[in-house]
Amino acid sequence: MDTPIIELTGVIKSFGPVNVLRGVELRAYPGKVTALVGDNGAGKSTLIKGLAGVQPYDEGEVRFEGRPVSLTHPRDASALGIEVVYQDLALCDNLDIVQNMFLGREELVAGTFDEGRMERQSSEVLRSLNVRTVKSVRQKVASLSGGQRQTVAIARAVLKKAKVVILDEPTAALGVAQTEQVLNLVQRLASQGVAVVIISHNLADVFKVADYISVLYLGTMVAEVPTAETTYDDVVGYITGSKTYNPTGARA
Amino acid sequence: MDTPIIELTGVIKSFGPVNVLRGVELRAYPGKVTALVGDNGAGKSTLIKGLAGVQPYDEGEVRFEGRPVSLTHPRDASALGIEVVYQDLALCDNLDIVQNMFLGREELVAGTFDEGRMERQSSEVLRSLNVRTVKSVRQKVASLSGGQRQTVAIARAVLKKAKVVILDEPTAALGVAQTEQVLNLVQRLASQGVAVVIISHNLADVFKVADYISVLYLGTMVAEVPTAETTYDDVVGYITGSKTYNPTGARA
Amino acid sequence: MSAPSGNDTTTNTTTLLPESVSDLIGSGQEGGVSQQFSAWLSRVRQGEMGALPAVAGFIVLSILFSFLSPYFLTERNFANFLTQAAELVMLGMALVFVILLGEIDLSAGVTGGLAMCIWVVLTDVTKLNWFLALLIAFAVGLAVGSFIGFFVARIGIPSFVVTLGLFLGFQGLELIVIGAGGNFQVQTPAIVALMNNNLPVWGGWLMLAVFVALSLATSFWDRSRRTAANVPNGPVAMVLIKAGALLVLGGLAVFLLSQDRSASIIAIRGVPIVVPIVLAVLWIGTFVLDRTKFGRYIYAVGGNAEAARRSGVNVVLIRFLVFVICSFLAVGSGLFTAARVGSVDATAGKDIVLSGVAAAVVGGVSLFGGRGRLVHAAVGALVIAVITNGLGLLNLPSGLNNVIAGAVLVLAATIDALSRLRSGGSLFRR
Amino acid sequence: MSAPSGNDTTTNTTTLLPESVSDLIGSGQEGGVSQQFSAWLSRVRQGEMGALPAVAGFIVLSILFSFLSPYFLTERNFANFLTQAAELVMLGMALVFVILLGEIDLSAGVTGGLAMCIWVVLTDVTKLNWFLALLIAFAVGLAVGSFIGFFVARIGIPSFVVTLGLFLGFQGLELIVIGAGGNFQVQTPAIVALMNNNLPVWGGWLMLAVFVALSLATSFWDRSRRTAANVPNGPVAMVLIKAGALLVLGGLAVFLLSQDRSASIIAIRGVPIVVPIVLAVLWIGTFVLDRTKFGRYIYAVGGNAEAARRSGVNVVLIRFLVFVICSFLAVGSGLFTAARVGSVDATAGKDIVLSGVAAAVVGGVSLFGGRGRLVHAAVGALVIAVITNGLGLLNLPSGLNNVIAGAVLVLAATIDALSRLRSGGSLFRR
Amino acid sequence: GCSGNGDNSKAGSAGKAASKTACVILPDAASSPRWENMDRPDLKKALEDAGFKTDIQNAQGDTSKYATIADQELSQGCGVMLLVDYNGAGVSVAKKAKAQGIPTIAYDRPIAGADYYVSFDNEKVGELEGQAIVDGLKAAGKDPATATVVYMGGDPTDGNAKMFHDGADKVMSAAGIKPAKEPPGVWDGAKSATNFEQALTSLGGKVDAVWVANDTNAAGVISVLDKNHLKVPVSGQDASTAGLQNVLLGKQTGTVWKHVPDEAKAASDLAIELLKGKKPTVDKKLDDGTPYIAVTPVLVGPKDVEKVVQAGDASASDLCTGAVAAACAANGVK
Ligand SMILES: Nc1ncnc2c1ncn2[C@@H]1O[C@H](COP(=O)(O)OP(=O)(O)OP(=O)(O)O)[C@@H](O)[C@H]1O
Ligand SMILES: Nc1ncnc2c1ncn2[C@@H]1O[C@H](COP(=O)(O)OP(=O)(O)OP(=O)(O)O)[C@@H](O)[C@H]1O
Ligand SMILES: [Mg+2]
Ligand SMILES: [Mg+2]
């Protein structure tokens, strides 16, 4: 069994009367891809936002590389090397692509921006994600198409080397070719030792890239299973609540 | 050959120096599902927004039921019975689900709202779309998950009977079961004589529901083909520009 | 090919549902009184507090002032307070309409002032019938509102600039209308009575009865509609509790105002005439905002103008109309000031507008648009008016008075902000 | 299990790229001068016009006034205009920082006024060294800014309310500080010189040379960085054209100001001392906003605070700091006023703040945050100042003067809005 | 103020207890520093020394606030009301007070319906200012009839500004002066400076004298004159620190000094009589028959500054700073 780099236990999160997460567990392993699946409104994004420090959990323990850590601010997460692509993308519409990609991590020379270097890097990362219709990296993000925005958000997260990369439905708006590239990217990241957590409703994709599949159902983690040991139909069953997972291995 | 209810010819749209649509043609038929596919940034959403009157075209002719019409405002489109689900959803975060679903088409009694009736109808439509995690139809849309928001936007578009329903990547954020329901819905709409235009990157879904497939490549319509007469690989080829469509039938 | 059935594109509900679904999604109306109460409590904890912090601020300030001055908690000061606050409540309500769209009207105060200058000159100098002149004054309000609305909604100039231009320009116009150094007395008894006379004692009770009846009537109408649609209704006890609370609090107020509060032998008693007028505007405005398409569209445009536009809302028209309403009600506010001061001069309405905006904001209306109600502005206005009222009893030098007024305003807003913050509402604060 | 390589989580670029890609995505720097120009033109047509409409408004107004008064286009009035505009330009630039976050500072004017009251009392009455007193005055600005920043950024009170509170409170404080005596003379020659003396003629030319050199230096520095990164550079001719334009226009201005503009025998010539100061602030501020993390984060927070927060930007700190900067620069604006008027009284700075906000908005800064530059506010301030300057030459009665000032303001904004509208930019106007 | 009141707060008894209170409403703090810095302390001291309570408030240039203050004072009860009118707001207050049987004194500015009027004569103030200009022109050897004189009045929305203007204009036009320019009136040094600078520019930089309504405006005007190396007759009023300094420096011809304690004393004497329940008689009467106590203002030139200092309306240490020190010595200001 691998040692998880991230381990969540007993995570609880409520919005007023709505209990969104009711004691959730989650593990992510370096060099592996963990898929997080679940129905709409199951609490996947809420779980992720807690890990990112965006919306701290009400209760629960987060262990990073074995140590308990507190994640109350996005800066806590990025200090640990956690990069996140949010479902709602979270880009600044008034800034251009380069500015968005380097926001909070600008390249400096003598205290001022090294625009040339940032431009080159943005351009290279976007190219590697098979972007063909973006005319200029100096385009304002407001004027991008849905898929282009999503690509920028993904590019932003993989620009700097991270220990954990979390992607919340990264391919939802992407075309066939781009989706292919992102799935490749996910596998490449994992092969470099990065722990990847990916949320997706596309089970075909999930089965293509994931090492582990975690299923969230109405705010509880109902299954946490190696991809090799499960089937498409089982996972659909866990997601819709029509099947229950009975772990056969040593993991509880 | 069917008579199209909507027929676009020579549609051109530019944003400053960027020529997004360069003389596009499109047809949609009553009782049929037309899929519009294309790479990210190909101009699909731009094409749709023109049809919805949200972002009028620079040039080009729009014929509706044979007559040329001018679509310069969303109200023009809804007057013709065109309903649209936008890729960016376009919901008012400060309003609740019922208020969003009935925005612009509120049910009145004696000049004031008939809240009861609107509540019931919202609830019923959402249920029919397999929504299980929404606690209350009086929840503010701001607090919904990505998939829940998308479901609300779809429900809004099918609440009233329309002649044309246009869906811009309606299942992008949806779970497995919800996607299933939406595809069913699309087919049910078509069977009632509605002309449906659906944009999707998921070609499996497209082949499941579409009668015609139109492929947009860098702002030009490179293929317009009945689903039955083409294959998955061909369509991918058109999308990525690696294949060219040579119409074999009578349609040019 | 089968065409869809005729022209009923927007009138009929869909027939898409596989079968009629019986188990509805909740609507927050389920459960008994205690459940309703705890749901409300958790909404409050979530940060949806509306005017609650402002109410708290008002109570805190009132307690403070009643310790500092023995005159604060007298029937007489209560009545004074109501008339003093009336113009600010009115202006605050006027401004809510534009603030709900994320716009501002810096000229609201001087619009009222200018209309009153015109009114007073028409009645005093040209001897026009005062009522006709009043109609003209309100027409001026409508014209000003249309002017602003046109420039903001059609031409697209930021409302800050248009109304700042009018703010400057109208001060000049007032001067031209009134003449240098001039001022005119308000001599129309009906207008003076607005602020200086009171309803007969029975009138106050009648007013209360009418408002309680209205509250009950709308509640039961809603219930009947919900029953007809076969959706759950909240407990009937809630309706009665609300009406009861209105009856008790309102009854206390009317009772206090029915006592003689004169310092001389001539008795002064009864609810000031301005009170039912302000309450009527509040009720009608709230009705429009909550229950009509126009009101709903104001919130929609304020929340997401593009989404509203795509839903077929005539955004330009809505934007236009809120300025018209604002200017119209602003004339009402100007009228109250003129009636209370008893004269109109060339600076009328110059200073009140920032307080009006502050009233709305303190009450919980968001300057970014889309969130807030008329009653919020009304409560906010009471908070600001109680600062002036209370400090006025303390006999402080002018400089200190200003300093304290400013400090108390920040303090009141701090109460508001802290209560929202503690409840985790910070996420949705812009 | 292979752990990722050590601690370099944020220092190294990714090694994910399959191979180094050679064909870059464009960056708008490609092509020759004519292509650059047509790209700029189409950006303008798209609605990205920045201060262009304000510049147009300024030119139109100038032409108008030069027809209406023969004194308008004189060297003397040009110099007067520059000193009259300086305080508004400064305040407008101060306000840009907070407006970029979608916030407002209604107290900016009185903050400057209060700081000057303190300064003048310290120098005139307590006979403190004027420079030390000036340091204290600027420290007051910093303190006020920190106060506002704390309440807005940490506590979460809307800036409108906090700064309205201070607007009221500081008027009281000014009164208390100035006390008996009512107004005090500015007797420090160095301060008086700011607005009333001029650079020697060679100083004006030197100033011009410095700014042209700065412009060239930054451009060539940028080019060298781009070359190092191996990304395309714009044509070098563009840099020279810009510098040349600066040289010609600036040269004309300096030349005009180098003529004797005195009506008496004692010659008055040279660039007013305040001009290089304002230009330096403009240059430094623009540098910070365009080229440093802090500046970038201001735009990010103004555009989408939540996105900025998620990117690790310390949103609270940014929000705090913009208020500190605004108040600090506002003291500079107050200083200019005091120097020009030659005395400080208890109402200093009361009326200027709305004009400051209007300057920013007229110049093209969005009140909703995220869009605008310092130079926009500067140009907007020139537009507003030219209204006052031009009308002042026409000897109109007071009321009419106000009316025209308001009307011209709306007119100037209309030019602005119409040009944006025609260019189809309406989509992005909120 | 009221904290010493041992009575309970019932309206009736509060009224009786407070019949020993003198209620005062001051108009603003902007048009002149006198209200807060002189009238308030003087009135307070005189009345409280006589054993009465005072409730002194300032309407801060806002008629609406004026009415609010009046309500607040009347609700605490007043034995006499001493009102400084602000743009007519005093009239309805006087009416209200009368209805409650409270005697009213119009202080410094006339109020229709008040029982008494105590004032400096505002027109007289204007006349003195006008005289200073005329005399200044003559001293400079200029013919008033052909001299270029700019009028810098006060805020025209303030009724007093008109009286100052009319008084000044009476004297000046009698001497043959016609205003060369009359920019919009303000009570604001900064705007006054801009307005004057523009007027001066439109006169081609030539001016022979500037009638200015008060010292704050004069400071702005003088700043512009300095910048243009001009020194011409300039008027003012209030004997403020900056004004007196300008007078000493010879940049301002004179400032009209209204020795506020004189006016305050006349008013407080009258108020005390009224509070004691007496009905004092006054010899002078206004046109409408209102008893009128007039206090005369004084024009202060460089040689008279010492008088102002002696009277306690200015302090030599405030005045004689920097460049003014020499002028102080020359004019015997200690
Ligand atoms: N701020 C909030 N206030 C109230 N309820 C909320 C809030 N945020 C989320 N929720 C609720 O929490 C539940 C989980 O939301 P979440 O966004 O985590 O779902 P998800 O699993 O990511 O779904 P999707 O697949 O649709 O993205 C939803 O029912 C949603 O309505
Ligand atoms: N307002 C705008 N200004 C400039 N360019 C724009 C604007 N809107 C869209 N574009 C550009 O037009 C192109 C087409 O955009 P569109 O949104 O139609 O793409 P799409 O086919 O819907 O892509 P996706 O599958 O990613 O949603 C993109 O390259 C986009 O950058
Ligand atoms: Mg989600
Ligand atoms: Mg799209």
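Note that the coordinates shown come from a computational prediction; the quantities given were computed from them, not determined experimentally. Letters A, B, ... are given to chains in the order of the sequence lines, protein chains preceding strands, and every chain is numbered from 1.
Contact of Val408(C) with chain D is not made at all, since no heavy-atom distance falls under 4.5 Å. Interface remark: Ile148(D) contributes no atoms to any contact with chain C (heavy atom separation under 4.5 Å). In this structure, the portion of Phe167(D) lying under 4.5 Å from any heavy atom of chain C is its side chain and not its backbone. Of the atoms belonging to Leu354(C), heavy atoms from both backbone and side chain fall under 4.5 Å from chain D. Of the two parts of Ile404(D), neither the backbone nor the side chain holds a non-hydrogen atom closer than 4.5 Å to a non-hydrogen atom of chain C. Using a 4.5 Å cut-off between heavy atoms, Leu367(D) touches chain C through its side chain atoms alone. Heavy atoms of Ile384(C) lying under 4.5 Å from chain D are absent altogether.
The shortest non-hydrogen separation linking Ile155(D) to Thr414(C) is CG2-CG2, 3.8 Å. Taking all atoms of both residues into account, the shortest heavy-atom contact from Asn402(C) to Gly172(D) is CB-CA, 3.5 Å. Contact detail for Ala413(C) and Ile157(D): the closest heavy-atom pair is CB-CG2, 3.2 Å. Closest heavy-atom contact between Leu164(C) and Ala358(D): CD2-CB, 3.3 Å. The two atoms that bring Leu400(D) and Ile176(C) nearest to each other are N-CD1, 3.7 Å, heavy atoms only. For the pair Gly165(C) and Val410(D), the tightest heavy-atom approach, listed with the atom from each and the gap, is CA-CG2, 4.1 Å.
In this structure, CZ on Phe160(C) lies 7.5 Å from CD1 on Ile99(D), to the nearest 0.5 angstrom.
In terms of heavy-atom pairs under 4.5 angstrom with chain C, the leader among Gly169(D), Ser366(D), Ala405(D), Ser398(D) is Gly169(D).
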